[in-house]
Amino acid sequence: MKSINSALVLGATGLVGKALVTQLLCDPRYNKVICLVRKPLKNSDYVDPQHKLEPIVIDFNTLQDYRGYFTAEHIYVCLGTTIKQAKTKTAFRKVDFEYVHIAAQLARAQQSKSFVWISAVGANAKSKSFYLRVKGELENAILAMPNLRNPSAVRPSLLLGERPQTRHGEKVGAWFGQLVAPLLFGRLAKYKPVSAETVASHMINLQVFE
């Protein structure tokens with residue numbers, strides 16, 4: 001008999017987050033999908049015939065106050081922004097490092113079975129790129145945490161899909177990436193653009209089911 005699990009998703013309204021929640025709602029191994037969100041979800045965004053979805057509106061600046069939700073077996077973190085959206089490097093780091101790191105600490109404290117989050121291809125704490133450096137520093141910080149069960153970072157390249165907000169630069173990058181994708185193989189294959197659905201599926205496959 002397959003085990004029944006609950007999932008906690010942070011970042012459910014983003015490109016990968018939406019794809020992930022959609023797949024979790026269809027996965028018979030889950031009986032509950034809790035989403036911590038900044039604002040109410042639109043019911044039209046998801047098909048939920050079994051009423052698994054439990055959206056909870058929270059203030060991410062006080063994420064530690066919602067520790068009780070981290071008793072879910074599987075924690076998925078799809079949080080992320082851009083420096084353009086965040087306006088400053090400090091604001092960017094708060095979302096892409098601090099929120100995710102706090103989530104990992106809460107998952108450890110509540111003894112969740114596994115913790116999966118989205119990083120980025122090329123993440124490196126010594127990178128000259130601020131974006132990749134923050135992603136790399138986060139990977140190092142989470143993977144070094146003692147007693148955090150089954151942490152896994154997913155490192156996608158450019159993401160393909162329709163975003164709620166238009167990001168012109170990313171659309172151009174994705175178009176160019178698809179154009180040169182046939183030339184990316186071997187060590188370069190990791191730089192191929194990837195669909196949000198593929199990333200979401202990979203995140204689920206990284207979880208530990210008992």
Side-chain angles (χ1 to χ4, degrees), residues 2 5-30 33-37 41-42 44-48 52-53 72-82 85 95-96 100 103-104 113-124 129 131-132 134-136 138-139 142-143 150-209:
K2 292 183 178 180
N5 303 270
S6 58
L8 176 67
V9 181
L10 287 74
T13 59
L15 186 62
V16 175
K18 281 190 173 182
L20 175 64
V21 172
T22 297
Q23 292 183 29
L24 292 174
L25 293 175
C26 295
D27 194 320
R29 294 171 296 184
Y30 290 98
V33 181
I34 305 166
C35 298
L36 301 185
V37 294
L41 295 178
K42 296 179 181 179
S44 58
D45 286 342
Y46 304 101
V47 177
D48 184 25
K52 297 181 183 181
L53 187 61
E73 282 85 2
H74 298 159
I75 312 299
Y76 295 94
V77 182
C78 306
L79 293 172
T81 185
T82 64
Q85 285 182 313
V95 174
D96 279 59
V100 186
K113 290 181 180 178
S114 46
F115 182 88
V116 177
W117 79 101
I118 296 178
S119 184
V121 65
N124 189 323
S129 162
Y131 176 84
L132 294 178
V134 170
K135 295 293 189 181
L138 177 63
E139 285 190 12
I142 291 179
L143 294 175
N150 304 301
S152 298
V154 176
R155 289 179 153 195
S157 182
L158 283 170
L159 293 169
L160 303 176
E162 292 297 322
R163 295 181 181 276
Q165 302 89 16
T166 300
R167 297 181 182 178
H168 182 69
E170 289 188 352
K171 290 183 70 173
V172 173
W175 173 82
F176 180 75
Q178 287 179 283
L179 190 66
V180 301
L183 304 177
L184 301 176
F185 53 88
R187 292 183 178 180
L188 297 178
K190 62 184 178 182
Y191 294 104
K192 288 184 179 181
V194 60
S195 71
E197 288 76 17
T198 298
V199 176
S201 179
H202 182 49
M203 293 181 77
I204 295 173
N205 289 337
L206 286 171
Q207 294 288 12
V208 174
F209 293 93

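Keep in mind it's a predicted model, so treat the numbers as computed, not measured.
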Checklist entry - Between V116 and H74, is a side-chain contact (heavy atoms from CB on, under 4.5 Å) present by the stated rule, with each step listed? => result CA-CA 8 Å; V116 177; H74 298 159; over 6 Å; no
Of all heavy-atom pairs between [X] and [Y], which one has the smallest distance, and what is that distance?
{"X": "S119", "Y": "A123", "result": "OG-CB, 3.5 Å"}
{"X": "L15", "Y": "L160", "result": "CD2-O, 4.0 Å"}
{"X": "D96", "Y": "G80", "result": "OD1-CA, 3.5 Å"}
{"X": "V208", "Y": "S114", "result": "N-OG, 3.5 Å"}
{"X": "A120", "Y": "R155", "result": "O-CG, 3.6 Å"}
{"X": "L10", "Y": "A103", "result": "CD2-CB, 4.1 Å"}

Item to check | L8 side chain reached by I34 side chain, heavy atoms, under 4.5 Å | outcome: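 I34 reaches L8 side chain to side chain.
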Next on the checklist: Could you check whether any side-chain heavy atom of L41 comes within less than 4.5 Å of a side-chain heavy atom of L53, counting everything from C-beta outward?
Outcome noted: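 Counting from C-beta outward, L41 and L53 do come under 4.5 Å.
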Working to the nearest 0.5 Å, report the span between [atom1] of [X] and [atom2] of [Y].
{"X": "N5", "Y": "Q207", "atom1": "CG", "atom2": "CD", "value": "8.5 Å"}
{"X": "Y131", "Y": "T81", "atom1": "OH", "atom2": "OG1", "value": "9.5 Å"}
{"X": "L20", "Y": "I204", "atom1": "CG", "atom2": "CD1", "value": "5.5 Å"}

Checklist entry - Could you walk me through whether V154 and S152 pass the side-chain contact (heavy atoms from CB on, under 4.5 Å) check? => result CA-CA 7 Å; V154 176; S152 298; 5.8 Å; no
Checklist outcome for this item: Exactly one candidate in H202, K18, Q23 meets side-chain contact (heavy atoms from CB on, under 4.5 Å) with E197; the answer is Q23
Checklist entry - Which is it for I118 and M203 under the side-chain contact (heavy atoms from CB on, under 4.5 Å) test, yes or no, and what are the steps along the way? => result CA-CA 8 Å; I118 296 178; M203 293 181 77; 3.8 Å; yes
Item to check | side-chain contact (heavy atoms from CB on, under 4.5 Å) evaluation trace for I75 with W117 | outcome: CA-CA 8 Å; I75 312 299; W117 79 101; over 6 Å; no
